[in-house]
Amino acid sequence: MSGTVTGSRASRATRSRRGFDLTVLLAVLLPLAFVGLLLLVQPDPEPTTSARPPSTDTLTRGTLVCPGAGEASLLTTAGEASGDLEVRVGEQERAVPVGPGRVRSVETDEPVVALGVDDLAPGLAGTTQGEASATVCTPPRGEVWFTGVGAGARHSSVLELVNPDAGPATVDVLVHGREGLVEVPALRGLAVPGGGRSRVELSTAVPRGDDLTLRVTTTRGRVAAHLLDTVDQLGAGAVSREWLPPQSAPRTDNLLLGLPGGAGGQGQRVLVLTNPGDDETRAALQVVTTEAAFTPEGVEEIAVPPGATVRVALNPLLRGIDLGDALGLRLTSGAPLTADLRSFIDGDLAHVVPADEVGSATVAALPEGAEQLLLAADEATTARIEPLDDQGQPLRSRDVELAAGATAAVELPEGAVLVRVTPQGGRLVGAVLVGAPRLAVVPLLEPERESLVADVVPLAR
Amino acid sequence: MSTAPSSTAADRAARDEQVAVLLVSHDGARWLPTVLEGLAAQHGVDGRIAACVAVDTGSRDGSADLVRGAPLDPAPHVVETRGGTSYPEAVGLGLDHVREVAPHAVWVWLLHDDATPAPDALAALLAQAQARPEAALLGPKLREWPSLRRLLEVGVTISGTGRRELGLERGEYDQGQHDEVREVLAVNTAGLLVRREVLEQLGGLDPQLPVFGNDLDLGLRAAAAGHTTLVVPQAVVFHAEAAHRGVRRTPLTGRHTHYQERRAALWTLLANAPSRSLPLTLVRLVLGTLLRMLGFFLVRSPGEALDDLAALVSVYGQPARLRAARRERRATRVDDDATRARVRELRAPWWLPYRHGLDAVGDVVSALTDQASDVAQRRRAAAAEADPSSMAALRLQRDASDLDAVEEDDEQRYADTGVVARFATNPVALLLVLVVVAALVLARPAWGAVVGGALAPVPDAAGDWWSLLTRGWHPLGSGTDVPAPAYLLPLALVATVVGTTATVSALMVLAVPLSLWGAWRLLRVVGRFVSPLGAPRWLLLAGSLTYALVPLTSGAWGGGRLGLVVLATVLPWLGHAALGFADPEADRRWRAAWRSGLLLALAAAFAPPLWFAAVAVAVVVLLASAGVVRGALRDRSVWGPPAVALVATPVLLLPWWLPALLTGAGEALLLDTGRLPVPRVGALDLLAGRVGDPAAAGAPAWLGLLLVVLAVLALVPRATRVPVLICWVLAVVVSVVAAVLVRVPLRLEALRLEVEPGLGSLVVLLQALLVTAAVLGALGAVRARGSRPARWLVVSLAVVAAVPPLGGLVWASLDGGGVLASSEDGDVPAYMVQRAETAPERGVLVVRGSLDDGVGYRVLRGDGDTLGEDEVLALAAEDDELTATVRELVSRPTPAVVAALGEAGVQYVVLAAPADGRVAAGLDASGGLTQASADDRGTRAWEVTRELSAASVTGETPWWRVLLWVVQAAVLLAVLVLCAPTVRGRRDR
């Protein structure tokens, strides 16, 4: 075998051995240059797929649903525009003119679906009133909670689902009972026909005696859910019906604003709490007054097991405690809870649930018997209160200063059909207290004004 | 043969039959003296030559005077006529003279001015004429002049295609093997002894055949008239075939001898065809001509192809003359079955043309295999030939004897064993088979349908690819005029035969075996460049296996990077072709140019950035060689081939590259192919040979870095340092290209993404260079006669060198599948796809994401974004209008927005799981959308109930795009023809 390497290059390499060997130099330099050059290849880091938050824009289509079984739905707007709302009552469609400061009543015992388009979309607000007292009209929501509903003989509830759209909608209802989540297959995938309503008699669907909490999730389409609660004293007295307002989400700080019948009102008060989480939590009860909040002496924290609905009778708990000018209760817990304060005063049922905060001008169409506007704020805030009469004329407007954590009760003047509440420099929680004989606490709901506009990009795959 | 020749009166008469010699000359001064000498030297004819008539057709070189002064007996009668006189006319003229000067001459002996008879030629012919009185035409055996030894003709016949059939091998030597007097169809007019009566009866030679083929025609007519033609091999005539070889150009032959020959063949066939078979012959000759033309084009003889066509047009364009010629022939024809059968028998058998076709194919095949014999050996041989006393020559001799010794040794070892035993006792062959089987098994995920990572699913039929390729406007997304990627052309070509699924599957499955084969070939030749013995086979195996595993270990295979996988497969073949630039023969260098150009275009179609690297490498190599060999670049056949190869790529890819630039999709030229965006490649990836896909990361990086270490160590052996340095220089050039490319900012507008130019092709290229360097270094280390410790070092290094291929193989068997799967879950329910396939306006809008985190969308049409379409979409411009529509749709849909969707050709909206409830609620609420069923609970779907419009997605293909396609098809054909190897027949000439 020959080990000879041919080619002129090789022979040149041999020749240059005598003196300075270029190949050795190159053999050192080239790999270094190679690695050095490659190290220059530092591409920009891969773009991280960060969240692209949405922007906001004025609402162009606003929907408001008032539950049925009332006498009339009072529609108004917090916006600046006047015009005709497209209102559907049952199968009928009609145009209802609204404008700033004006309330229009739609007399019906059926659900009312109001649609505001373009200028009329922002600021849509309404209240429904009737035999079952008053409650607030709500837009369709993806998820709402109804705490402390009944499915028994004495205390039973009806879930009313209204689909404002033409297409069908589907709703899942989860039931939290005393022991935790109750399996009710019949309440999964409830279909609500397009433009129709479904009523779910809970005493039929989940016949049981304990207090329940419903989590109503819309899986398909849009649905506005309302809950009509009935307490029947079985011969002892009249049947009392009351709308149970929805809570938008469980929270760790639940403010129950309003004590129907007043702090000294005689009757039964029951607090119902639900812990949808997986861990037991304890809720501390405070009494909220116009000045501050205090923890009543001797009242222990309420333990709420995971998934369970807990019922606490307040009368024995607060016996002997001077509630003074108390306007509500506050529950603070380690884990999010939903809550309901059920009052049964003089045979009249009333529910108070934690309301959402309001950050901008809000209107409430006042039902008959509206007495007080209750306000609360976590931080010091001034609120401008403008009651208006049925001509749209302001009646005794005033500014209310709220200290941090304080509450206020504002008497509503006679003849007021509408109250406009404008928080200045903060957020507040509000409710309209309706006196006997239709005792109710109607939460103040901030109307929808804006819609989220998603950041949209084309995709590769 | 004859019995008692001298007894009868008839015999006596025959013995006294007179002969008239008829010599036709035209500018034959070169040959005439010899011809006349030969004529004068005829013996054994005893004054039977009645006359010598010479017809000179306007010679300007004094041919006529030469004849006039010739010492012939009897003295020649010279007839001078004008220059344009054809041979048949000249013969006719001569016959007239013969009639005058030798009215008793029975025979006429035709001679050409370039055909000289042997002294006994005429005597032999006459003797045979006497012995076989039925013979009317007698021809001699023609031998080549001036070699005098090779046989030219011993009688001729004509095949069904008009080919002149000689029944001889090419260049056959006359050793008396054909010395039998036979009846034949025709004999050449050079030296033809013909009965004057018969010649006159047949009307002489056909003036339609001025130079070529008139002998065949005469023979055919004579046979049809019942005359006998004999070839008399005892009579020898030496023929220069001046006209046929183009040595002599006359106004009659012109420049196109091939045209004349072909025309004569067609004329002869048609004029003499029996009436019954005439229609068939007419059709057959047209088809045959087309086939011949194709063949001529394939062997790069366009001139001959055009000659064929011209001949066909010329003959078919003169039906009146043809009819006249046929009428004349009918007059002399004997119409009986026996004669017809005889003519049939004398013609060439029917299968002969097919055998010639097979022979031609065989020629091409042998040329192809010849091509494979390597450039390194040819260079050495050329160097030795140029200077036989040089070191190169001496070395070549020594090496050849070394090689012989090795081969002899091998042969002796295996002399007694069969093929199976030889194979079984050859560890390298066994390992190779094992590796190939392992590679096929490892490619399991790619058997059948394969999809995943950067690899999109394939369409159902190759037709989809063809339409994507040829259309200038694609109904994809919002409709786009971005051209389809160029690599679809090879895919579509293959898929037309085997189907789309099998095409992609085959490319993936065969990637390792094919690159193994290619790398083996390349490394073998590279090894022989360095050492005449080449690299040992185990080294070739290790090197080519390391390279063949690059597609797998780099993560390209597992990541579905089809472009890079194909590039890795093609690259060694491209390298092998490019080595042809160093061939000593210019013609082979040009062939290498076209082959490299085609392969480079193929590789660049699958990985466009490779072309830029190739340009950089070529420039550096050319400049370096200009520096080393002064004046090397002055020769066009040195710098031309690489330049052609480089230019061929953009020219071949023009229908893709040019529209890409014009439609604002120029990024495509710098991006790797596959579903975009592809992962970025960093410094470590380039060093370790990984393509940087986090989902399919490839083999551990240290395996790749080990190869770099080996390539650095390859610089140590002095013997091979220079070739290893060349590899390193190229690697540095490639890394410069990488460092430059990475700084080019690219943005995919349609996806709003900043991307990096594709460096995947450079990763593969660097791996190839590093493997080559390591193999060369190992070759130097092995071939060096070192001390014992040095040998141990080599052995231990060899063990280390075995780690990259073996490690790669082990890794691939454990974790090579990557993200490939047989199918991909789509967001779109099957029924929507079925609908979408029916019309372009039935698009499906797929929306993903949430209000809070942002929403992404895409529009699917037809069978979804299949291979090729995904790239078109990614490179298309963003449709701002559609983006705005989708923004409105997911945020606050109104009936107007839904109507706009219909306008944009969207029939379904799919909100991919997990669907944002708020978006879904909005869509549920909007008019014009009805809920549609989806595959799972998390996905939501709606159907647009507004009118759908295809207007926005359909468009016209501009004429210039069609033109580009036509041009590309022509260029591609031309390049294919130009890469075909040199055929032996042409080289011989």
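Lettering follows sequence order; numbering is per chain, from 1. Quick note: numbers below take in every heavy atom, side chains included, and nothing from hydrogens, waters or symmetry partners.
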L687(B)/F34(A) under side chain to side chain contact (heavy atoms under 4.5 Å, CB included): CA gap, chis, key distance, verdict: CA-CA 9 Å; L687(B) 264 177; F34(A) 173 69; 3.7 Å; yes
Among [options], which one satisfies side chain to side chain contact (heavy atoms under 4.5 Å, CB included) with [X]?
X	options	answer
L686(B)	V35(A), L37(A), L38(A)	L38(A)
V41(A)	L762(B), L684(B), V740(B), V742(B)	V742(B)
V855(B)	V456(A), D455(A), V453(A), L459(A)	V456(A)

Side chain to side chain donor-acceptor pair (under 3.5 Å) between R892(B) and T60(A), worked out: CA-CA 7 Å; R892(B) 30 187 195 175; T60(A) 51; 4.7 Å; no
So what's closer than 4.5 Å to chain B heavy atoms on [X]: side chain, backbone, both or neither?
X	value
A166(A)	neither
V223(A)	neither
T219(A)	both
R141(A)	neither
S451(A)	side chain
P168(A)	both

At a heavy-atom separation under 4.5 Å, does [X] approach chain A through its side chain, its backbone, both, or neither?
X	result
A731(B)	both
V890(B)	side chain
A920(B)	neither
V732(B)	both
L923(B)	neither
V734(B)	neither
L759(B)	side chain

Would you compute the distance between atom [atom1] of [X] and atom [atom2] of [Y] and round it to the nearest 0.5 angstrom?
X	Y	atom1	atom2	answer
L26(A)	R721(B)	CG	CZ	10.0 Å
C727(B)	L30(A)	SG	CG	11.0 Å
L32(A)	W728(B)	CG	CH2	9.5 Å
T23(A)	L715(B)	OG1	CG	9.0 Å

NZ/NE/NH1/NH2 to OD/OE distance under 4.0 Å, D57(A) and R887(B): no
R52(A)/D852(B) salt bridge by N-O under 4.0 Å criterion: no
Winner by heavy-atom pair count (cut-off under 4.5 Å) against chain A, out of D916(B), V708(B), V733(B), L766(B): L766(B)
Sidechain-backbone polar pair: Q931(B) side chain, G167(A) backbone, donor-acceptor under 3.5 Å: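 Here the side-chain-to-backbone pair does not exist.
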Donor-acceptor contact present, side-chain T883(B) to main-chain V457(A), <3.5 Å: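 Looks like no, no N/O pair under 3.5 Å.
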Where A454(A) and S891(B) come nearest, the two heavy atoms and their spacing: N-OG, 2.9 Å
R61(A) to P895(B) - nearest heavy-atom pair and separation: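 Where R61(A) meets P895(B) most closely, the heavy atoms are NH1-CD, 4.0 Å.
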Residues, nucleotides or ligands: over 12 heavy atoms within 6.0 Å of E450(A) CD: yes
